[in-house]
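Quick one: the structure is below, questions incoming.
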Amino acid sequence: MNDLKKPKFYSNHRYRQDQKKEKYSESHNNLKELLINGQLNIVDIGFGTGTSTKQLSSSDKNNYIGIESYMQGINNLKKYIKKNKIENMCVFHGDAIEIVNEKLPDSSIDQILIFFPDPWPKNKHHKRRIINLYTLNLFFKKLKKGGLLHFATDHIMYAYNTKNMFEKFTGQKILFNSNRRKRPITNYERRGLRRKNFVFDLIIKK
Ligand SMILES: C[S@@+](CC[C@H](N)C(=O)[O-])C[C@H]1O[C@@H](n2cnc3c(N)ncnc32)[C@H](O)[C@@H]1O
């Protein structure tokens, strides 16, 4: 039944909600304007230091909405936006689930990317994982018809757990995807590869 509840937000000592008056903050680029400019709308959840968001947004004209709770990552991406006058990116600081729920209009998003979310390998951590039936329902509500949810991890148990969750949610057999699409190599992937971990990609379509 935990699968149907909002995952517990884990602050990991990097997000101090009590120090902030607002629940979450948004960068200077206006999300509403971005969402209607006719480009693809891509959400990068838990972007860490922002490697994927930066690389992806510099390779095309699509709109990138980055969400992170790690303040250093937020500051890093905000600086990058300002310095390079990036107009196709918007950054949110806070709990991704709340931000997706409250800030993204339904059926407005083309892709949701979740690359190397903290794996929470222990059983007792399951309720903190960002993928469960509650979040899949939420993400699919925000995706346009034909929109994609792309998940990647180098944690084998998390990969199989997510695959099972995707199958339960879609009612279809889901295979690991051999095509990483445009997913850039992030620090976390590099770290996994150094440890000789295999990287699993899972993609589902609305
Ligand atoms: C292991 S890092 C991966 C970062 C990046 N995607 C990469 O591939 O390098 C996972 C990130 O997800 C963020 N995160 C986890 N749960 C979150 C949530 N509910 N809301 C916002 N960020 C979250 C963490 O702060 C962390 O920076």
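Just follow the structure's listing: the first ligand is 1, and inside any ligand the first atom is 1.
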Original post:
Between K6 and E98, which heavy-atom pair has the shortest distance, and what is it?
Top reply: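 That closest heavy-atom pairing would be CE-CG, 3.8 Å.
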Original post:
Is the H150-F115 ring centre distance short of 6.0 angstrom?
Top reply: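 Yes - the distance between ring centres of H150 and F115 falls below the 6.0 Å cut-off.
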Original post:
If we only count N/O pairs under 3.5 Å, is I97 in contact with ligand 1?
Top reply: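 Such a contact does not occur with ligand 1.
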**OP:** Indicate if Y160 and M165 have the same hydrophobic cluster label, given that clusters are the connected sets of ILVMFWY residues with side-chain heavy-atom separations under 4.5 angstrom.
**Re:**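 Yes: a chain of side-chain contacts under 4.5 Å links Y160 to M165.
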**OP:** Run down the list Q72, E68, K6 and name the one with the heavy atom closest to atom 26 (C) of ligand 1.
**Re:**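 When every heavy atom of Q72, E68, K6 is considered, E68 comes closest to atom 26 (C) of ligand 1.
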Subject >> Pick from G48, G50, S69, G192: the one approaching atom 22 (N) of ligand 1 most closely through a non-hydrogen atom >> reply: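 Of the listed residues, S69 has the closest heavy atom.
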Original post:
With only distance considered, is G46 within less than 3.5 Å of ligand 1 through an N or O on each side?
Top reply: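 Yes, at least one N or O pair falls under 3.5 Å.
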**OP:** List in chain and number order the residues that pass ring pair (Phe, Tyr, Trp, His ring centres under 6.0 Å) with Y158, two or more places apart in sequence or in another chain; answer none if no residue qualifies.
**Re:**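 Scan of Y158 (ring pair (Phe, Tyr, Trp, His ring centres under 6.0 Å), adjacent residues dropped) gives F151.
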Original post:
Which atoms of ligand 1 have any heavy atom of G94 under 4.0 Å away?
Top reply: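 The list of qualifying atoms is 20 (N), 21 (C).
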Identify each donor-acceptor pair in which a side-chain atom of residues 40-56 lies under 3.5 Å from a protein atom, sequence neighbours left out, and give them as a table.
from : atom 1 : to   : atom 2 : distance (Å)
N41  : OD1    : N63  : ND2    : 2.8
N41  : ND2    : S108 : O      : 3.0
D44  : OD2    : S52  : OG     : 2.6
D44  : OD2    : T53  : N      : 3.4
D44  : OD2    : T53  : OG1    : 2.9
T49  : OG1    : T51  : OG1    : 3.2
K54  : NZ     : N76  : OD1    : 3.4

**OP:** Look only at interatomic distance and state if D118 has a nitrogen or oxygen under 3.5 Å from any nitrogen or oxygen of ligand 1.
**Re:**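 By distance alone, the answer is no.
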**OP:** Give yes or no for whether the N/O distance cutoff of 3.5 Å, strictly under, is met between S52 and ligand 1.
**Re:**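 Min N/O separation from ligand 1 is not below 3.5 Å for S52.
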Original post:
Is L148 reachable from F169 through a run of hydrophobic residues whose side-chain heavy atoms are each under 4.5 Å from the next?
Top reply: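 Result: no, two separate clusters.
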**OP:** Examine N187 against ligand 1 and note whether any of their N/O atoms are separated by less than 3.5 Å.
**Re:**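 N187 vs ligand 1: no N/O contact under 3.5 Å.
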**OP:** Mind listing the closest non-hydrogen atom pair of I130 and A96 along with its distance?
**Re:**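 Between these two residues, the closest heavy atoms are CD1-CB, 4.5 Å.
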**OP:** Consider every N or O of F115 and every N or O of ligand 1, then say whether any pair is closer than 3.5 Å.
**Re:**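 Looking only at distances, the answer is yes, because the N/O contact criterion of under 3.5 Å is met.
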**OP:** For T186, take its heavy atoms, then give the atoms of ligand 1 lying under 4.0 Å from any of them.
**Re:**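 The list of qualifying atoms is 7 (C), 8 (O), 9 (O).
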Subject >> Which atom of F116 lies closest to which atom of D154, heavy atoms considered >> reply: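 Reported closest heavy-atom pair: CE2-N, 3.7 Å.
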**OP:** From the options G73, A96, P7, select the one whose nearest heavy atom is closest to atom 18 (C) of ligand 1.
**Re:**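 Considering heavy atoms of G73, A96, P7, the nearest to atom 18 (C) of ligand 1 sits in A96.
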Original post:
Closer than 4.0 angstrom: is that true for some heavy atom of D95 and an atom of ligand 1?
Top reply: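 Checking ligand 1 against D95, which is what was asked, there is a heavy-atom contact under 4.0 Å.
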